[in-house]
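Below: the structure, in structure tokens.
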Amino acid sequence: MKKVLISLAAMAFATAAHAQVTNGGFETTTGGSTGQLNFDGFSATGWSAPAAGNNYDFIFSGATAATAPPLGGATGVDGSLYLWAATASPNGGNFLGSDPDFSPNGPDSTTGGAGGAVFQTVGGLTAGKTYAVTFYQAGAQQHGFSGATTEYWQVSLGAQTKDSPVLSNVSEGFTGWSSDTLDFTATGTSEVLSFLAEGTGGSGEPPFALLDGVSLTQVTAIPEPATWAMMLVGFGVLGTAIRSRRKQALATA
């Protein structure tokens, strides 16, 4: 009986289980520590993106994003690009930065065509279950440009798409990081998770949407009333049994 009750309690109060998001912090890279995705052999493990000519997606180091180029000195594609005032996220280390004003960006990028989204297929899902996509986001601006901007992420899991809160950034500014969560319902055991940068610049100033600490967590349902009732009855029975054993022990002492 005791083991059964413990199991019921564990089921009722279990924390949500994490699904399989690979390299959600963008720490593991190939071809250097920072750079533009799919340019000069640079990539972030687990994440896909269109070819370099069709994306403006970069991995920055949080320690140097405001003072050093993400391409590590490479030439040919904005080798001197860095961000006004950007700092490391609460997740630490690297983060993704994407310019939504770059002309090939578009809403349909998970096929590898024109568009700047980064994406990966996540597994370990259960169809019909609700999953929370949690991440850090921030808004920044490319050095050398000025003017107020806005930034946000268009997040998709399978066929469902939701927008993160819109961030408003002052000229040559940085919004700071915020944690956001969007809920999705899985339709299969694996789905494509994608992030497409969106935003505006008052007169063409390049906004940069920043992303870090991506995780996917199953939302644990609150137990049904019948389950709670069964647990309460069980705990009552267990309590009675314990008291009875104590009385027996005292009687034989």
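Hydrogens, waters and symmetry mates play no part in the numbers below; they use all other heavy atoms, side chains included.
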Quick one: does any side-chain atom of [X] pair with a main-chain N or O of [Y] as donor and acceptor, under 3.5 Å?
X	Y	result
Lys162	Asp183	yes
Gln218	Leu125	no
Trp153	Leu210	yes
Trp84	Gln142	yes
Gln154	Glu198	no
Gln36	Asn55	yes
Asp57	Leu37	no
Asn169	Phe174	yes
Asp180	Gln137	no
Gln160	Thr185	yes

Do [X] and [Y] belong to the same hydrophobic cluster, where Ile, Leu, Val, Met, Phe, Trp and Tyr are linked whenever their side-chain heavy atoms lie under 4.5 Å apart, directly or via other members?
X	Y	result
Leu167	Leu83	no
Phe208	Tyr82	no
Val133	Phe26	yes
Tyr152	Trp177	no

Distance from [X] atom [atom1] to [Y] atom [atom2], nearest 0.5 Å?
X	Y	atom1	atom2	answer
Lys129	Thr220	NZ	OG1	9.0 Å
Glu151	Gln141	CD	CD	8.0 Å
Leu182	Leu216	CG	CG	11.0 Å
Leu211	Ser89	CG	OG	9.0 Å

May I have the step-by-step check of side-chain contact (heavy atoms from CB on, under 4.5 Å) for Asn91 and Phe135, ending in yes or no?
CA-CA 9 Å; Asn91 195 64; Phe135 54 93; over 6 Å; no
What are the two closest non-hydrogen atoms of [X] and [Y], and how far apart are they?
X	Y	value
Ala209	Ala197	CB-CB, 3.9 Å
Gly176	Ala138	O-CB, 3.3 Å
Asn94	Asp212	O-OD2, 3.0 Å
Pro50	Ala117	CD-O, 3.4 Å
Ala86	Ala66	O-CB, 3.6 Å

Parallel, tilted or perpendicular: which one describes the rings of Phe60 and Phe58, with boundaries at 30° and 60°?
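Rings of Phe60 and Phe58: tilted, 30 to 60°.
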Side-chain contact test, heavy atoms from C-beta onward, threshold under 4.5 Å: evaluate it for Asp99 versus Pro207 and give yes or no.
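Touching, per the 4.5 Å side-chain cut-off.
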Answer yes or no: is there a side-chain heavy-atom contact under 4.5 Å between Pro70 and Leu81?
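Result yes, sub-4.5 Å side-chain heavy-atom pair found.
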Verify side-chain contact (heavy atoms from CB on, under 4.5 Å) between Ser179 and Thr134, making sure each step is shown before the conclusion.
CA-CA 7 Å; Ser179 178; Thr134 301; 4.1 Å; yes
Checking side-chain contact (heavy atoms from CB on, under 4.5 Å) between Trp47 and each of Ile59, Thr22, Val118, which is the one that passes?
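Filter result, single survivor: Val118.
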With sequence neighbours excluded, tell me which residues meet side chain to side chain donor-acceptor pair (under 3.5 Å) with Thr175.
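Checked Thr175 against side chain to side chain donor-acceptor pair (under 3.5 Å); zero matches.
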Does Leu193 form a side-chain contact (heavy atoms from CB on, under 4.5 Å) with Val214? I'd like the steps, not just the answer.
CA-CA 10 Å; Leu193 173 66; Val214 180; 4.1 Å; yes
Taking it one step at a time, do Val155 and Phe184 satisfy side-chain contact (heavy atoms from CB on, under 4.5 Å)?
CA-CA 10 Å; Val155 185; Phe184 298 86; 4.0 Å; yes
Centre-to-centre under 6.0 Å for Tyr136 and Phe95, is that the case here?
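Ring-ring flag for Tyr136/Phe95: false, centres at least 6.0 Å apart.
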